2 protein chains.
Amino acid sequence: MAVTIRDVATLAGVSPSTVSRTCKNNPSISEETKEKVRAAMAKLGYEPNFQASNLASQNSRTIGIVLPASERSMYVNSFFLEMIRGITMYCNSHQYITTIIADETEEDALQTVRSMIRNGLVNSFILLYSKQKDSIIDFLHSEGVLYALIGKAYQFANQTIYVDTDNIQAGKDATEHLIQRGHTKIGFIGYEKTLLFSSDRRYGYELAHLEHGLPIHPDYHITVEHTPNQLPETLSKLLNYPNRPTAFVVADDFLGVALEHYCQQIGLVVPEDISIISFNNSLFAQLALPPITSVDINSIQLGMEAATQIINHAENPKLAATKIIIPHQIVEWGSCKKL
Amino acid sequence: MAVTIRDVATLAGVSPSTVSRTCKNNPSISEETKEKVRAAMAKLGYEPNFQASNLASQNSRTIGIVLPASERSMYVNSFFLEMIRGITMYCNSHQYITTIIADETEEDALQTVRSMIRNGLVNSFILLYSKQKDSIIDFLHSEGVLYALIGKAYQFANQTIYVDTDNIQAGKDATEHLIQRGHTKIGFIGYEKTLLFSSDRRYGYELAHLEHGLPIHPDYHITVEHTPNQLPETLSKLLNYPNRPTAFVVADDFLGVALEHYCQQIGLVVPEDISIISFNNSLFAQLALPPITSVDINSIQLGMEAATQIINHAENPKLAATKIIIPHQIVEWGSCKKL
DNA sequence: CAACTTAATGCAACCGCTTGCATTAACTAT
DNA sequence: ATAGTTAATGCAAGCGGTTGCATTAAGTTG
């Protein structure tokens, strides 16, 4: 059996409680004894037992990571894994562990979350998505469970911790990237407006126009379904337009790739005829031909920061809910031509 | 505070141990009392406390999922997430939980694994990769810790549980897919032979040739670096060859996309001039233009099966190490032309 | 009917750590 | 020297289950 706090205590010639307090670096233990205890721990190769500790202190150092309920397709987005990686790396180095909730439906996920809370396994969560209305958030909020969102908070916005990209700024930056290269006729392709990241990026796109005194053409704005099997007809109209855009800001790399393919099919060359800038800087952008210039949103850091916040709040319950913005940067892959 | 086993016991008019035994469906409790107890549990909404149970029974129902140590790039492969999803879905529905280990270096990961074992948090692992020589496997094996591999076992092959694709068969099937469409000059593009999945797929490719009485051209076989920034010069030679292949089997979708781009650049049209079939059926294949026909290896199922095996073995320690083969199937996306 | 099984349940000691409170020792102040 | 502080440590009762063994009641046998 593993070495316990008692073994350490006997070796150090103190009581178990002293050892326990030493681990927690409790100030009421003298530096001298602490040293003795630490020496004993080192000699025995002591590792504290998590389960016991959690049980006794009634708090599980375990964070549940909730993936969006969905079918296969959505998961392909590599930043989920990157966020998970950011979270777990931070957690593991802070003696926290994580557990994944990846159910197929929101109901199932809610069920999983609920039972994890009830059986004491998990007492804080990070959701890797944000939606207008989410039953899991409702539940967590009503139970007073600590949670953080990666993305923008819709519900209970002032009371929730969230870590996000400044999508408005990102949209503006992307647009300015094109403006700086001489483009003035810039289109925007995004998703329906309930997907806030998309509409925020668009808003930034409009801001950039305003600031640079460029007109905003309503025709230049295209909306596609959530899963863009194919681009809408409006796009083909727009591209046949005599006065068509010379560049596009598109809401993410998927759309970027889709747009690029579309251009190819109708004989337009990227970036010679059409410049493209998209978001996320995923491998999809990099593997496209030509690769698509994209705004990197630093997903690993999003995850790390979310973990940091959760752990801080777990250990410091009176902290107010923080909002964190992670910086982004444009990665030029060559799909933006200078006019 | 949550409802405990004692509350249930009082309500049911039995002792705590009886409640505990009822949970475990212990045969020495009469059906009659069990019913009483279950009714009480239901009435109180009782959920067993994991931590307490684990502590008392000295076994943590937690499985560690180890991702390959690596930098950002490798993670993009969506099947990691899919495997995680398969694992967690199975685990969550069997009262097991999972935790992710996603460190940047093998050493860090080993350290994380080691301390998770020592502090009793985790006592079995699933590795989402396989390598010729891995210090984590060495460690787990030497400590007698239960683990499973997704991929082929190199070390201690007879004693380890692994879940894998039959890559030889898959390679053969892919090749036959082309042969059936009239191709006789078929190339193969793969990775260095230490990546067993690649060499196995190639072996299957050769088998298909043998069985169909087709000659194997050594020139038709191209090897690329692990991270294919660009395809090797030998490929360009091969494609300029008067007698060049009309089709290629390539080791994964990345290579498939790379090949397709390469063809485009030198003016060859897929599938008219060159047919391509690759493996994994990832979104990369689907988003390519044209989409690339690919062998789906059912990653979610790989994960589920690994979890199944680990849980079986955890609850039944005398079981011998199993090897599981998950079926694959070709998904035709239109990159294979009938001659 | 006494002696003996057998089946069903309860007792109580853990699992390894935490923590409020008591205890002890060493000081200070009067 | 006595009472009053203060600092450092130990005691012991949990946390919520598990489980070997004891106990009790019912059933069997000669």
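In what follows, every chain begins at residue 1, and chains take the letters A, B, ... in the order their sequences are listed. Quantities reported herein were computed from a predicted structural model and do not represent experimental measurements.
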Give the rounded distance in Å between these two atoms: CG of B/L55 and C1' of C/dC15. 4 Å
Whole angstrom value for the distance that separates P of C/dA8 from CD1 of B/I29: 9 Å
Is A/Q58 close enough to D/dG16 that one of its side-chain N or O atoms is under 4.0 Å from OP1 or OP2 there? yes
Can you confirm whether B/I324 sits close enough to B/I326 that some side-chain heavy atom of one is under 4.5 Å from a side-chain heavy atom of the other? yes
Given C/dG10, C/dA8, C/dC17, which nucleotide is nearest the side-chain atoms of B/V14? C/dG10
Side-chain donor/acceptor of B/N316 to backbone N/O of B/L319, under 3.5 Å: no
Rounded to whole Å, how long is the line connecting atom CG of B/N25 with atom C1' of C/dA8? 15 Å
Whole-Å gap separating P (C/dC15) and CZ (B/R61): 21 Å
Rounded to whole Å, please give me the gap between CG in B/N49 and C1' in D/dG16. 6 Å
Length of the NZ-C1' vector between A/K36 and D/dT9, whole Å: 10 Å
Please tell me which of the listed nucleotides, D/dG10, C/dC17, D/dT9, lies nearest to the side chain of A/S15? D/dG10
Do any N or O atoms from the side chain of A/S20 and from the backbone of A/P16 form a donor-acceptor pair under 3.5 angstrom? no
To the nearest Å, how far apart are B/M41 CE and D/dG16 C1'? 15 Å
Would you please confirm or rule out a distance under 4.0 Å between OP1 or OP2 of C/dT9 and any side-chain N or O of B/T33? yes
Rounded to whole Å, CG of A/N59 lies from C1' of D/dG16 at a distance of 15 Å
Give a yes or no on whether the backbone of B/L121 and the side-chain of B/S60 come within a donor-acceptor separation of less than 3.5 Å. yes
N/O donor-acceptor pair under 3.5 Å between A/Q155 side chain and A/D138 backbone: no
Across the strands shown, which category fits B/S30 at heavy-atom distances under 4.0 angstrom: base, sugar-phosphate, nothing? sugar-phosphate
Determine, for B/R38 against B/E31, whether the closest basic-nitrogen to carboxylate-oxygen distance falls under 4.0 angstrom. yes
Within the 4.0 Å limit for protein heavy atoms, which parts of nucleotides 18-24 of chain D are touched? Write it as a string from 5' to 3', B for base, S for sugar-phosphate only, - for none. BBBB---
Heavy-atom donor-acceptor pair, B/H313 side chain to B/Q309 backbone, under 3.5 Å: yes
